[in-house]
Each structure stands twice: as structure tokens, then as C-alpha cells.
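In what follows, a single structure is set out as C-alpha cells and then discussed.
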2 protein chains.
Amino acid sequence: MSPKTRDADKRKAPLADTAPIFAALGDETRLGLVAHLATGDTFSIAQLTENTFVTRQAVTRHLEVLAQAGLVRGTRRGREHLWQFEPARLALAQRSLEQISSWWDEKLAALKEKVETEPDTK
Amino acid sequence: MSPKTRDADKRKAPLADTAPIFAALGDETRLGLVAHLATGDTFSIAQLTENTFVTRQAVTRHLEVLAQAGLVRGTRRGREHLWQFEPARLALAQRSLEQISSWWDEKLAALKEKVETEPDTK
DNA sequence: CGCACATGCAACAGCTTAGTTGCATAATTT
DNA sequence: AAATTATGCAACTAAGCTGTTGCATGTGCG
């Protein structure tokens with residue numbers, strides 16, 4: 001392996017942990033739930049179901065998946081289960097994407113540097 | 001539905017399109033492939049397989065999934081299939097997360113505003 | 001109490017995913 | 001030409017995901 005990629009590999013460890021977050025966001029219904037929860041305070045399962053095309057039971061499962069990924073948090077109040085957005089994990093996912101983008105930017109910069117340093121290569 | 005959330009709903013349409021991107025990134029092996037590809041130029045399937053824990057055939061499938069999501073692009077050169085990172089879709093995913101974050105920030109700002117406007121509510 | 005509402009739990013069907021192994025094919029190299 | 005390398009294609013398995021329906025449980029209210 002080239003020494004150039006080794007530094008990047010060291011920083012990849014935390015990146016792998018974010019895969020479950022992306023998996024949780026990788027469903028249209030769940031992504032919609034997260035988006036909806038981020039616009040408000042707390043919502044009951046019945047309220048959240050109104051904005052989807054699936055049954056209440058399906059929404060419950062999606063919320064459990066999101067909770068497993070740490071993207072939402074639920075609390076019981078009386079007879080209803082209230083859910084709210086949890087921003088920390090989403091921020092982590094954002095940082096992962098930024099990391100990948102930055103690697104790509106560095107790669108482009110290195111390529112440009114190389115071209116300008118050796119303009120008469122042929 | 002409250003008029004407050006309706007504006008947000010209008011902007012949710014493009015957000016739903018990003019779910020497949022997150023789904024593609026939601027696998028540890030695939031996320032690793034994307035990260036690796038973003039650090040360099042092009043890599044063959046055999047090269048990419050070295051950094052994974054699965055077989056070459058499995059890597060091929062993962063690359064096809066990533067290509068379907070528009071995150072990578074492959075071209076044939078001689079007997080090898082070279083793959084490279086495609087930054088556009090990842091940038092789109094980034095914007096989705098930023099959008100959700102911004103909704104959350106707006107919500108917090110609105111909450112704070114409300115508290116300061118009605119400090120003696122009890 | 002009795003009714004309505006909100007949710008939880010369980011079982012099932014259909015489909016998709018991730019991975020493997022085995023073999024075939026095409027391109028390089030010696 | 002023969003051996004090596006890189007990949008493609010196909011079949012198969014095991015497991016997981018998404019969604020449903022049906023029923024049970026708990027809570028609030030008149």
C-alpha cells in the first residue's frame with residue numbers, strides 16, 4: 001500500500017461507525033420522519049403517521065430503527081409516545097461526508113499541483 | 001396541519017430523492033469503498049478488494065450499487081475495470097443533511113425567541 | 001363503568017440484500 | 001501458444017427489511 005493512503009486509513013475508523021446512521025436515513029419514510037421531527041418539537045406516533053403512506057405500526061418500527069441509530073428519542077407521556085429529533089448523530093454523519101469531500105478536494109489539489117509542476121511532460 | 005410546517009414540506013420533495021444515496025452509503029463496505037476512492041484517482045476491482053473483508057465478486061456488486069446511486073463511475077480499460085469517485089451525489093446528500101440541521105436550528109431559535117418574549121409564563 | 005383513543009405485541013408474506021462458490025471469458029505477459 | 005491476471009456471469013444460501021393484519025393492553029373522559 002502506498003504511504004499516501006495510509007494517513008487516510010487511520011481516519012477511516014470513525015467513518016465506519018457512521019454507516020448505520022446512513023442506513024437509517026436510507027429509507028424514504030424514515031428520512032421523511034427525521035425531516036419532520038427536525039422542524040418541530042415532539043410528535044406522537046399518530047401525528048407522524050399522518051405524513052406517511054404507511055400504517056401506524058410501520059411508523060412505529062421506523063421510529064425504533066431511527067432510535068437504534070440514535071437519530072431520535074422517544075418518551076412516554078400518558079397514553080401517547082412522544083418522539084423528538086436528536087441532532088448529535090446527524091451532525092456526526094455530516095462530518096463523515098465532509099471528511100470524504102475534503103479527501104477528494106485534497107486529491108484534486110494534488111493533481112493540479114502535479115500538472116503545474118510538470119507542464120512539459122509528454 | 002399547522003401552517004408553520006407547510007413551507008418545510010414544500011422543500012422536502014428533493015430531500016426524498018436523497019434517500020437512495022444514504023441507502024448506498026449505509027453499508028460499511030460500501031462506505032469504505034467510497035472513502036477509499038475519494039482519496040485517489042482510479043482503482044481496479046482487485047485493488048479495491050484488498051481493503052475489504054469480502055470477496056472480489058462481492059466488491060463488484062457493491063460498486064454496482066454505488067454506481068446505481070451515482071456515487072461512483074466505472075470504465076473499462078483493457079482487461080481491468082477502473083472505478084472513480086463521483087462527487088456530485090455526495091454533495092447532494094450533504095445539502096440534505098444541512099437542510100435538516102437548519103430546520104432544527106430554526107426551531108431552536110424560535111423556541112428561544114418564545115421564551116424570551118414570554119419570560120413570566122408559568 | 002363504558003367508550004374511544006393511542007399504542008404495543010405477534011405472526012406472517014413478499015421481497016431484497018449480502019455473501020459465497022464455481023466456472024467462463026477476455027486481455028497480458030513470457 | 002501457454003500461463004497468468006482481471007473480470008464477468010450464474011446459481012444458491014442465509015438473513016434481514018418492510019409492510020400488513022389481528023388482537024391485546026393501557027389511558028383519558030363523560
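Order of the sequence lines fixes the chain letters, A, B, ..., with proteins taken first and strands second; residue numbering starts at 1 for each chain.
- No continuous path of ILVMFWY side-chain contacts below 4.5 Å connects Leu25(B) to Val65(B), so the two sit in separate hydrophobic clusters.
- When the side-chain nitrogen and oxygen atoms of His81(A) are compared with OP1 and OP2 of dA6(C), none of them lie within a distance under 4.0 Å.
- Formation of a donor-acceptor pair under 3.5 Å by the Arg73(B) side chain with backbone atoms of Glu86(B) is not found in this model.
- Relative orientation of the Phe85(B) and Trp104(A) rings is perpendicular, given thresholds of 30° and 60° on the angle between their planes.
- Distance from the side chain of Arg61(A) is smallest for dG19(D) among the nucleotides dT7(C), dG19(D), dG19(C).
- Taking 4.0 angstrom as the limit, Arg30(B) places a side-chain polar atom (N or O) nearer than this to OP1 or OP2 of dA18(C).
- Atom CD of Glu80(A) and atom C1' of dT7(C) are 10 Å apart (whole Å).
- If you measure from atom CD of Glu50(A) to atom C1' of dC5(C), you get 14 Å, rounded to the nearest angstrom.
- Note on Arg77(B): nothing from the nucleic acid sits closer than 4.0 angstrom, heavy atoms only.
- Residue whose closest nucleotide on DNA chain D sits further toward the 5' end, between Ala46(B) and Val54(A): Ala46(B).
- Atom CZ in Arg56(A) sits roughly 14 Å away from atom P in dA10(C) (whole-Å rounding).
- Of the side-chain N and O atoms in Thr55(B), none sit less than 4.0 angstrom from OP1 or OP2 of dG19(C).
- Within the 4.0 Å cut-off from OP1 or OP2 of dG19(C), at least one side-chain nitrogen or oxygen of His62(B) is found.
- Rounding to whole angstrom units, CD1 of residue Ile45(B) and C1' of dA27(C) are separated by 14 Å.
- The nearest whole Å value for the distance from the CG atom in Leu25(B) to the P atom in dA18(C) is 12 Å.
- No single ILVMFWY cluster, assembled from side-chain heavy atoms under 4.5 Å apart, contains both Leu66(B) and Leu82(B).
- One atom, CG of Leu63(B), and another, C1' of dG19(C), lie 15 Å apart when rounded to the nearest Å.
- Formation of a donor-acceptor pair under 3.5 Å by the Ser44(A) side chain with backbone atoms of Gln47(A) is found in this model.
- Spacing between atom CZ of Arg76(B) and atom P of dA26(C) amounts to 10 Å, rounded to whole angstrom units.
- One interatomic measurement links the two molecules: CD of Gln57(B) to C1' of dT25(C), which rounds to 14 Å at whole-angstrom precision.
- When the nucleotides dG19(D), dG28(D), dT29(C) are ranked by their closest atom to the side chain of Arg79(B), dT29(C) comes out on top.
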